[in-house]
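To start, the structure itself, in structure tokens.
Small disclaimer: the values here were computed from a predicted structure and weren't measured.
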Amino acid sequence: MLEMTPTAVRLIERYDDGEDIIHFTFEPVSIEAGLPDVADPKKVSPGQFFMLSVPGKGEAAFTYAATPDERGHFCALIREVGQLTESLFDCKPGDILGARGPFGKGWPEFGQRKVLVIAGGCGLAPVAAEIDALIANNANPVVYFSARSEAMLVMKNERERWHDAITLYEAVDNQDGASKTYLKGRELMTNLDTIMAEHGGFDEVICCGPEGMMEAVCHYLTDRGFPADHIWLSLERRMHCGVGLCGHCYVAHDLVCVDGPTYRWDQLGELVVKEKFVQPPRELASMGHAEEVSDGCCSSEGGGGCGCSGF
Amino acid sequence: MPTSNLLNNTRGQALHAYELERPEHLRDWLQNRYKVLQPVHDQTGNGSWEEVHAGDVVPFDPALRPVMSPKSLFFAEREQMFTFDGEMFRTTTPKTEHQVLFGVKACDLMAISYQDHHFRDDPYYQARRKDTLLVGIDCSSPCENGFCSTVDAGPQVHQQNADLILTPMPSINGHSHGWWLICTSDHGAQAINGMDLPPADSHWRYWRDMSNEHALADFADDTYIINGIQRINARAVPDEVWDTLGHQCLSCSGCSQTCPTCSCYAVRDIPKDGGFVRERFHDSCLMVGFQKEASGANPTAQAGRRVARYWYHKFSSDFKAANGRIGCVGCGRCDITCPGAIGVHSVMEKIAHA
């Protein structure tokens, strides 16, 4: 049976990490019976998410910005956007909250393959743990991270660490008042050209950010012959239960909470098409009939596509 | 009772059938050991599933199918999931007792089987379901709005969907000859053990199939439904058609409430004693906020997209791989309920000709 009751967790650390964004660290309140699944490093993989309950305010899905360590400490990067996060932002270290998980499919095992990570804004959070995992694997990933402004370049501490270990490109849309020069965020294609020229030959690309950005990245890559089945995305939907029961996070016949949130681009493309109206090619639909049934073919309204007037 | 054979019975071999003068005899027997619920005529005129106590003189109306399906007897309309006292979370386990749903129609039984699969790992649903014995009843004629035969759900009860099945003996020259009781599971066999019912005439199977043929012959023309299903599968319904249907939807969620296979839910936290309790309650994908995220982003802000979703989920073959069948069981309740005239018949007629 599914466990739908949260485990009590304690907020142990919080710090500002972007405009209206706080970096939270949690730990299980009790580990007498061993680490609960939600905080067990053996159970959680990068790209998965957990459900966080703010007592009396409700529950929402958050990605593991850092997967649990051996003490069961795990992190989330959270932006204040609604009532639940507003209450969460009032919480202090020591406060008790609820958490359950891990849920969804994480990123695939990339081993030592050469990976390009592309993230936009808060989309850095779902890929951050994967970047750490790739670094730990000596896979030497290349990371491109873009945000609206310098203040929105989230996960300062993590990026500082990454700068020492790997190549990290940073871009911002609005350079006003920036403390240093960044790549121009609005010139995504040019920036990707630069990265491809300097590093080229990636085996896999993982991308997370606004849906428009992810689509642009996918088209950029596939236009240049990069195989769609080596591009990985993380999708955001309203995850309510996390276990594939409540129905809220559907995309066509998938439920993002169990079938995602990570998707391979070609598979996601198929799903998206299933939600669209499809028109068959017109000429094929009416092919041949005019010649075969020359008399009375247009007796019914609209005709058979033969082009005659019916007389 | 040769219970060892009965496991095979669920796979369609050597079913045991008995003669039964009146369904009430079985019901009264079951009341000795179980809480028994059956469809009851009530003041609303809609009928409802209600407990019938031993000694109550309540007739059993084989034709009555309440507007609300038995769905909420397993997937509660509103229920508590857990409590939080400020320090600890504690799961609330539903209080259950051995119960019988007496006289469930083929459509509702197919829906229960569909829900059994969807909620197979849901502790709240399963707590109620595992203690429930299902007594099905064959329909001898189509009901108003029903099209179970089109979607392979009835009018005859699929034997794997019930523990016991009541089927009327054929009426020759207008005389009713009583009932056959078919035992299809171990649970069913245990429930009637000791009743000492006479075994059925060996032709019962032939007559049951003949009654089914009679019922099937009475169904109305369903070409537009088949056509509508094909158009949904071909994704050949233009967006404008869904938009027009969307304008007619009042977002009342009546279709979801009455649909025996709708399973969406939402949760809410209610403050209590310095902590809170979390409740879950039925939700509907036709509500504008169903997919709305905290950021305000809403993938299905347009009513047309939500209506398209609803019917895609009910009829598309895309769900067969995961659910074993399409989502609709042909009960027609959405059509009875919809105040905006976009129940299943109106929708399928429109999209069949779109």
Side-chain angles (χ1 to χ4, degrees), chain A residues 1-9 29-30 51 53-61 78-86 96-100 122 210-211 235-241 243-256 258-259 271 273-280, chain B residues 81-84 86-92 118-127 234-242 262-272 275-276 278 280 283-285 289-300 305 308-309 312-313 316 318-319 321-322:
Chain A
M1 286 295 135
L2 294 164
E3 182 55 80
M4 284 140 96
T5 305
T7 303
V9 294
V29 168
S30 164
M51 300 296 300
S53 283
V54 180
K57 295 294 172 186
E59 191 179 41
I78 300 175
R79 188 156 65 99
E80 187 179 350
V81 284
Q83 291 173 3
L84 181 130
T85 47
E86 192 185 326
I96 307 287
L97 298 105
R100 58 191 180 96
C122 287
E211 284 189 17
L235 207 60
E236 185 171 16
R237 279 293 181 277
R238 181 181 182 177
M239 270 92 88
H240 226 65
C241 71
V243 291
L245 287 178
C246 80
H248 285 258
C249 61
Y250 68 77
V251 174
H253 53 81
D254 262 21
L255 290 168
V256 175
V258 288
D259 300 310
L271 273 191
V273 167
K274 284 178 177 170
E275 292 195 327
K276 294 211 193 304
F277 167 52
V278 177
Q279 253 178 320
Chain B
M81 302 179 82
F82 61 80
T83 60
F84 177 68
E87 284 180 8
M88 293 277 288
F89 292 89
R90 286 187 183 83
T91 302
T92 310
H118 180 75
F119 287 112
R120 61 195 175 279
D121 296 320
D122 181 286
Y124 308 94
Y125 181 98
Q126 290 301 336
R235 298 174 239 296
V237 185
D239 291 342
E240 308 85 71
V241 174
W242 291 122
C262 267
S263 55
C264 289
Y265 69 80
V267 296
R268 91 185 123 209
D269 290 357
I270 298 164
K272 192 182 176 189
F276 72 97
R278 179 164 300 157
R280 75 172 177 186
D283 201 355
S284 168
C285 62
F290 189 75
Q291 286 210 302
K292 194 175 169 195
E293 295 156 29
S295 64
N298 188 351
T300 42
R305 297 317 307 156
R309 164 65 189 182
Y312 169 72
H313 197 187
S316 172
D318 290 349
F319 293 93

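Atoms NZ and CZ, on A:K57 and B:R268 in that order, are 15.0 Å from each other to the nearest 0.5 Å. Residue A:S53 holds its OG atom at 5.0 Å from CZ of B:F276, rounded to the nearest 0.5 Å. Once rounded to the nearest 0.5 Å, the distance linking NE2 of A:H248 with NZ of B:K292 reads 14.0 Å. The CZ atom of B:F89 lies 15.0 Å from the CE atom of A:M4; values are rounded to the nearest 0.5 Å.
Interface residue B:Y124: only side-chain heavy atoms are found under 4.5 Å from chain A. For B:R309, the part lying under 4.5 angstrom from a heavy atom of chain A is the side chain only. For B:P299, the part lying under 4.5 angstrom from a heavy atom of chain A is the side chain only. With a 4.5 Å cut-off on non-hydrogen atoms, B:A266 touches chain A through its backbone and its side chain both. Using a 4.5 Å cut-off between heavy atoms, A:L97 touches chain B through its backbone atoms (N, CA, C, O) alone. Looking at B:R278, only its side chain comes within 4.5 Å of chain A, counting heavy atoms on both sides. For A:A252, the parts lying near chain B are the backbone and the side chain together; criterion is any non-hydrogen pair under 4.5 Å. Proximity to chain A (any heavy atom under 4.5 Å) is restricted, for B:F84, to the side chain, taken from C-beta onward. There is no contact between A:V9 and chain B, counting heavy-atom distances below 4.5 Å. Heavy-atom distances place no part of B:T83 under 4.5 Å from chain A, backbone and side chain included. For chain B, no part of A:Q83 is nearby; none of its heavy atoms comes within less than 4.5 Å.
The candidate with the highest count of non-hydrogen atom pairs below 4.5 Å against chain A, out of B:A236, B:P271, B:S295, is B:A236. Options A:P55, A:C241, A:A8, A:C249 differ in how many heavy-atom pairs under 4.5 Å they form with chain B, and the most are formed by A:P55. Most heavy-atom pairs under 4.5 Å with chain B, from the set A:G247, A:S30, A:G56: that is A:G56. Taking chain A as the reference chain and counting heavy-atom pairs below 4.5 Å, the highest number among B:D122, B:V267, B:T92 is found for B:D122. Of all the listed residues (B:C264, B:P238, B:S263), the one sharing the greatest number of non-hydrogen pairs under 4.5 Å with chain A is B:P238. Of the residues considered (B:W242, B:F82, B:F119, B:Y265), B:Y265 shows the highest number of contacts with chain A, using heavy-atom pairs under 4.5 Å.
Two residues are said to be in side-chain contact when any heavy atoms from C-beta on lie closer than 4.5 Å; A:L245 and B:Y125 fail this criterion. Between B:Y312 and A:K274 the shortest side-chain heavy-atom distance falls below 4.5 Å. Side-chain atoms of A:Y250 and B:Q291, non-hydrogen and from C-beta on, do get closer than 4.5 Å to each other. A:E3 has its side chain within reach of B:T91: a pair of non-hydrogen atoms, C-beta onward, lies under 4.5 Å apart. Using a 4.5 Å heavy-atom threshold, the side chains of A:H240 and B:D283 count as separate. When side chains are defined from C-beta on, A:T5 does not count as touching B:M81, because their heavy atoms never get closer than 4.5 Å.
For CZ of A:R79, the number of neighbouring non-hydrogen atoms (other residues, nucleotides, ligands) closer than 6.0 Å is 12 at most.
Between A:H253 and B:F319, the ring planes are perpendicular. Angles over 60° get that label, and only those under 30° would be called parallel.
A side-chain donor-acceptor contact under 3.5 Å links B:R305 to the backbone of A:E275.
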